[in-house]
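First up is the structure itself, then whatever we jot down about it.
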There are 2 protein chains.
Amino acid sequence: MRDMLDQMDLANCPVRHVLDHIAAKWTTLILLELEPGPCRFNALARSLPDISRRMLTQSLRDLERDGLIARQVFPTKPPSVEYALTDLGRSLLGPLCALIDWAKASAPEIATARAAFAAQA
Amino acid sequence: MRDMLDQMDLANCPVRHVLDHIAAKWTTLILLELEPGPCRFNALARSLPDISRRMLTQSLRDLERDGLIARQVFPTKPPSVEYALTDLGRSLLGPLCALIDWAKASAPEIATARAAFAAQA
DNA sequence: TGTATAAGTCTCTTTTAGAGACCGTATCAT
DNA sequence: ATGATACGGTCTCTAAAAGAGACTTATACA
């Protein structure tokens, strides 16, 4: 456990990079959205209406850069672009879902804590 | 898997809250730092030199608000404040470490992907 | 008397995110 | 022919968030 932290202190720590992805707020949503199968840019935009096109582009680039998703352009007119999980990206879904399960399971307890905190503050 | 996403579309989704914590960039470091045992404010600040006092305070408040850590004031002169993981906070360490393990295991593959992306761009 | 420590807070600046108009090309309906 | 629509983005402007670092109050110690 401790040795994890030691690694994280490093400026260009690999763990930091990954947490930054999760931290990016939208990337997890994108990964989950791609889980059933490949998806095109505007389809993703429609599925995730809360994310601006600007951030969607940026998030997709980030994920592509780290090899979690693959971008494939089809020479149709107008060109269409398909995004798909890579094996690496798919392998992240397991740990990610574990976290989400924890969140769902802990939601009531967190809500209670928040109420208590608000009442006392 | 899909039903996770459906829940996440909601504006005040509990899962979103949790991911926002992870997203907060520093909270995970703090949780890991508290894993061995309780720790005081300045001790945390010294252990995590990259985080400003301002953000440390803010992150600690957020974690306290959600019941992941507990804040206890000792009436010494000057007063000292100790932060400790709650049971709830400790229960998050499991999923969190699973994610970190993934990150460490995948780091080489991600590095390769980055190099490839940079070369082609 | 001067310095150090405790746990923060305050202000200022820089970075990041969000809103939403805009781009060129091509298809379809009128 | 004319206009609306769709594709996958980019661009600019504004608002929110984060980082740097000085400052606070009270106390202890040299």
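Please read all numbers here as calculations on a predicted model, not as lab measurements. Chain letters run A, B, ... following the sequence lines, proteins first and then strands; every chain starts at 1.
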Heavy-atom closest pair, residues A:Arg53 and A:Phe41: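 Nearest pair, atom of A:Arg53 first, then A:Phe41: O-CZ, 4.1 Å.
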Closest heavy-atom pair and its distance - B:Thr86, B:Ala70: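 So the minimum-distance heavy-atom pair works out to CG2-N, 3.8 Å.
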Rounded to whole angstroms, how far apart are [atom1] on [X] and [atom2] on [N]?
X       : N      : atom1 : atom2 : value
B:Met55 : D:dA16 : CE    : P     : 16 Å
A:Asp50 : C:dG20 : CG    : C1'   : 15 Å
B:Ile51 : D:dG19 : CD1   : P     : 7 Å
A:Phe41 : D:dG8  : CZ    : P     : 8 Å
B:Leu44 : C:dA7  : CG    : C1'   : 12 Å
A:Tyr83 : D:dC7  : OH    : C1'   : 12 Å
A:Gln72 : D:dG8  : CD    : C1'   : 15 Å

Residue of the set A:Leu44, A:Leu56, A:Leu29 for which side chain to side chain contact (heavy atoms under 4.5 Å, CB included) holds with A:Ile51: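 For A:Ile51, the side chain to side chain contact (heavy atoms under 4.5 Å, CB included) test succeeds with only one of A:Leu44, A:Leu56, A:Leu29, which is A:Leu56.
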A:Arg71 side chain, from C-beta outward: closest of C:dA17, C:dA7, D:dG8: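 Closest of the options to the side chain of A:Arg71: D:dG8.
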Would you tell me if any nitrogen or oxygen in the side chain of [X] comes within less than 4.0 Å of OP1 or OP2 on [N]?
X       : N      : value
B:Trp26 : D:dG19 : yes
A:Arg54 : D:dT10 : no
B:Arg46 : C:dA6  : yes
A:Asn42 : D:dG8  : yes

Looking at [atom1] of [X] and [atom2] of [Y], how far apart are the two atoms once the value is rounded to the nearest 0.5 Å?
X        : Y        : atom1 : atom2 : result
B:Arg114 : A:Arg65  : CZ    : CZ    : 4.0 Å
B:Phe117 : A:Glu64  : CZ    : CD    : 4.5 Å
A:Leu88  : B:Thr112 : CG    : OG1   : 10.0 Å
B:Gln72  : B:Ser80  : CD    : OG    : 9.5 Å
B:Leu99  : A:Leu96  : CG    : CG    : 6.5 Å
B:Glu33  : B:Trp26  : CD    : CH2   : 12.0 Å

Near-strand residues of residues 73-82 of chain A, defined as heavy-atom separation under 4.0 angstrom from DNA chain D: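 Going residue by residue through residues 73-82 of chain A, the ones with a heavy atom under 4.0 Å of DNA chain D turn out to be A:Pro78, A:Pro79, A:Ser80, A:Val81.
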Stretch residues 57-69 of chain B: residues that reach within less than 4.0 Å of DNA chain C through a heavy atom: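 Contacts with DNA chain C under 4.0 Å: B:Thr57, B:Arg61.
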